[in-house]
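Heads up: the structure comes next, in structure tokens.
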Amino acid sequence: AACLPGLGITAVIKKRTGRTIDEQVAYLGKGAAEIISKPELRAKLEKSEKTGRPLTVKVGFDPTAPDLHLGHTVLLRKMKHFQDLGHRVIFLIGDFTGRIGDPSGRNKTRPPLTQEEVLENAETYKEQVFKILDPEKTVIDFNNRWLGALSSEEWIHLCGKYTVARMLERDDFEKRLSAQQPISIHELLYPLAQAYDSVFLKADVELGGTDQKFNLLVGRDIQREFGQQPQILLMTPLLEGLDGVDKMSKSLGNQIGINEPPQEIYGKTMSMSDQQMWHYYELLTDFSGDQVQRLKSDVESGSLHPMQAKADLAFGMVSDFYSEVAAREAREHFARVVQQGEEPQEIPIFPVRCSGKPVVLVDLISQVDLAPSKSEARRLIRQGAVSIDGEKIEDPTHKVDPSKKTSFVLRVGRRRFGRIHLE
């Protein structure tokens with residue numbers, strides 16, 4: 001592109017996008033754990049501006065579970081940032097790689113999914129991602145379209161472009177070898193399959209969590225082998241769950257799902273520690289680093305109460321996935337039920353068959369899904385977090401006798417209620 005009279009290239013770039021290259025790099029780099037490499041990213045952005053060709057940004061999701069949580073949205077938000085700058089984002093559903101099972105961060109082989117499970121989960125994904133992404137600027141693709149079409153000869157050709165020694169440098173493979181735990185041959189194909197996705201799509205950028213670094217680097221190597229310019233890698237930190245320790249995961253029960261009711265999203269956000277909320281501000285909002293630091297300084301100086309900062313974060317979370325109206329209702333519900341101890345206006349009703357026999361409270365809580373497991377129900381009872389019609393129960397062996405009580409409000413924790421009818 002020719003420069004306008006009297007203007008340098010930087011001024012032309014800003015005229016077209018509203019942001020200089022420095023501003024674009026800063027915007028895309030917000031919250032990133034690592035970029036390989038920033039000079040290469042800058043060069044690709046400059047070339048994109050000059051040629052008018054948007055970058056192809058690829059992000060792969062293996063549909064291993066049907067529900068997305070806030071940990072997934074760290075990447076989704078970064079995809080949205082690329083969309084904001086006019087680039088082409090591909091939400092790649094790994095219906096082929098999902099049947100292999102990515103061993104990243106695991107110390108044993110992950111069971112592969114069936115094709116039916118993959119497709120069912122993929123449909124659920126598609127319904128959820130547009131809470132963040134712009135549907136008109138998002139390409140949804142499935143990697144079985146090309147990986148499933150590769151012939152045996154083409155797979156051998158692909159495998160010939162990487163060595164076993166390099167593959168075994170992968171951290172989780174090294175650990176499993178040292179512990180004499182098995183590694184299946186098909187697992188070695190996973191990084192190559194993911195890399196070939198980048199080749200087929202001619203990806204300029206691939207996004208992923210820090211646990212995906214090895215796979216992403218293999219993609220750069222394989223692109224070179226196919227004569228392509230290597231993709232830029234932008235890695236985001238792993239979001240810790242509500243326990244503040246482990247990576248957010250549905251299996252660990254420390255997640256906030258983006259399809260959860262507004263009241264749950266709000267309440268769970270309010271339950272995190274004051275220190276933890278700053279990481280969420282950095283990764284799950286569009287606040288700049290300076291804005292987050294100013295908030296922290298206001299809290300430290302006492303001019304802003306940490307509870308108010310957390311309430312603003314919770315309000316923003318609900319607004320992102322629902323609406324400001326839903327966020328206001330969730331805030332009011334939290335104030336009324338959690339802070340003031342009142343019962344919610346609407347309580348779900350659970351008819352429970354017991355044939356006139358006493359029901360063990362632990363079993364009852366688990367049966368109506370007010371706790372994820374019986375062990376968690378026992379823990380909550382021991383902590384005094386369970387009550388029946390306002391009466392606290394602290395004995396995990398407690399039984400409810402239908403001859404004395406057939407209908408009651410069961411409260412588990414601070415936010416979960418159920419109106420139980422014993423039949």
Side-chain angles (χ1 to χ4, degrees), residues 17 27-28 30-32 54-98 113 116-145 194 197 201 203-209 212 234 236 238-239 248-250 255-266 268-269 280-287 313-330:
T17 66
Y27 183 59
L28 296 174
K30 175 186 175 289
L55 300 180
T56 295
V57 182
K58 163 206 167 191
V59 191
F61 287 81
D62 279 345
T64 53
D67 299 318
L68 297 178
H69 53 61
L70 291 189
H72 297 110
T73 68
V74 176
L75 280 176
L76 292 174
R77 294 185 70 86
K78 190 54 63 182
M79 294 165 72
K80 180 63 164 57
H81 293 166
F82 276 95
Q83 288 184 334
D84 292 343
L85 298 180
H87 298 294
R88 176 174 176 260
V89 167
I90 300 177
F91 184 93
L92 181 60
I93 295 173
D95 58 332
F96 185 94
T97 43
L113 299 174
E116 290 73 22
E117 290 172 325
V118 166
L119 293 178
E120 183 179 340
N121 291 347
E123 283 303 312
T124 310
Y125 270 23
K126 288 164 66 175
E127 295 169 6
Q128 297 173 75
V129 297
F130 294 131
K131 290 189 174 187
I132 294 177
L133 299 179
D134 184 339
E136 295 185 1
K137 298 179 181 178
T138 305
V139 177
I140 292 182
D141 214 333
F142 295 78
N143 65 7
N144 188 60
R145 186 165 68 86
Q194 181 172 332
D197 291 341
L201 296 169
D204 295 301
V205 181
E206 182 166 13
L207 310 182
Q212 284 287 313
L234 192 155
T236 56
L238 302 180
L239 185 72
M248 184 172 284
S249 166
K250 186 174 182 180
Q255 87 288 355
I256 300 177
I258 67 175
N259 262 1
E260 290 188 49
Q263 296 169 358
E264 280 293 299
I265 293 175
Y266 192 98
K268 284 185 174 182
T269 303
Y280 280 54
Y281 260 113
E282 291 166 357
L283 297 180
L284 301 174
T285 75
D286 286 332
F287 281 51
L313 175 64
F315 189 93
M317 293 293 99
V318 177
S319 297
D320 282 347
F321 304 127
Y322 289 95
S323 66
E324 287 196 9
V325 171
R328 283 194 292 272
E329 291 174 351

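Quick note: residue numbers are just sequence positions, from 1.
L284 and L70 make their closest contact through CD2-O, 3.7 Å (heavy atoms, listed as atom of the first residue, atom of the second, distance). Between P262 and A330, the shortest heavy-atom distance links the atoms O-CB, 3.7 Å. For the residue pair Q128 and N259, the shortest heavy atom distance occurs at CG-ND2, 3.4 Å. Scanning both residues, L234 and A32, for their nearest heavy atoms gives CD2-CB, 3.9 Å. Here the closest non-hydrogen pair linking V139 and R88 is CG2-NE, 4.1 Å. Of all non-hydrogen atoms in F130 and P135, the two that sit nearest each other are CE2-CA, 3.5 Å.
Residues that satisfy the ring pair (Phe, Tyr, Trp, His ring centres under 6.0 Å) test with F142, not counting sequence neighbours, are absent from this structure. Applying the ring pair (Phe, Tyr, Trp, His ring centres under 6.0 Å) test to F91 and every residue at least two apart in sequence or in another chain returns F61. Remark: R145 engages D141 in a side chain to side chain donor-acceptor pair (under 3.5 Å) (not counting sequence neighbours). Under the rule for a salt bridge (charged side-chain N to carboxylate O under 4.0 Å, His left out), the partners of D204 that lie at least two apart in sequence or sit in another chain are K44, R53. With sequence neighbours left out, the salt bridge (charged side-chain N to carboxylate O under 4.0 Å, His left out) criterion links K78 to no other residue. E260 is linked by a side chain to side chain donor-acceptor pair (under 3.5 Å) to K268, counting only residues two or more places apart in sequence or in another chain. The ring pair (Phe, Tyr, Trp, His ring centres under 6.0 Å) check on F321 picks up nothing, with sequence neighbours excluded. Listed by chain and number, the residues in a salt bridge (charged side-chain N to carboxylate O under 4.0 Å, His left out) with D286 are R77 (sequence neighbours excluded). A search for salt bridge (charged side-chain N to carboxylate O under 4.0 Å, His left out) contacts involving D95 returns nothing, not counting sequence neighbours. By the side chain to side chain donor-acceptor pair (under 3.5 Å) test, T138 is found to be paired with Q83, residues two or more places apart in sequence or in another chain being considered. Checked against side chain to side chain contact (heavy atoms under 4.5 Å, CB included), E329 has the following partners two or more places apart in sequence or in another chain: V325. Checked against side chain to side chain donor-acceptor pair (under 3.5 Å), T236 has no partners two or more places apart in sequence or in another chain.
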For side chain to side chain contact (heavy atoms under 4.5 Å, CB included), just list the numbers for Q194 and K58, CA-CA rounded to whole Å, side-chain angles, deciding distance to a tenth of an Å, and then say yes or no.
CA-CA 11 Å; Q194 181 172 332; K58 163 206 167 191; 4.1 Å; yes
For the pair L313 and F287, evaluate side chain to side chain contact (heavy atoms under 4.5 Å, CB included) and give the outcome as yes or no after the intermediate values.
CA-CA 11 Å; L313 175 64; F287 281 51; over 6 Å; no
The test is side chain to side chain contact (heavy atoms under 4.5 Å, CB included); show your working for D320 and I132 and say whether it passes.
CA-CA 7 Å; D320 282 347; I132 294 177; 5.9 Å; no
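When side chains are defined from C-beta on, V129 does not count as touching M79, because their heavy atoms never get closer than 4.5 Å. Y280 is not listed as a side-chain neighbour of T269, based on a closest heavy-atom distance of 4.5 Å or more. By the 4.5 Å heavy-atom criterion applied to side chains, L76 and L68 are counted as neighbours.
We find the CD1-CG distance between I93 and N144 to be 12.0 Å, quoted to the nearest 0.5 Å. Put simply, CG on L239 and CE on M248 are 4.5 Å apart, with the number rounded to the nearest 0.5 Å. Rounded to the nearest 0.5 Å, atoms NZ (K30) and CG (L28) are 11.5 Å apart. The line from CZ of R328 to OG of S323 is 7.5 Å long, rounded to the nearest 0.5 Å.
Looking only at distances, a side-chain donor or acceptor of K131 sits under 3.5 Å from a matching main-chain atom of I258. Without hydrogens or angle criteria, H87 side chain to L55 main chain gives a donor-acceptor distance under 3.5 Å.
With hydrogens and angles left out, the side-chain atoms of Q212 and E206 include no donor and acceptor closer than 3.5 Å.
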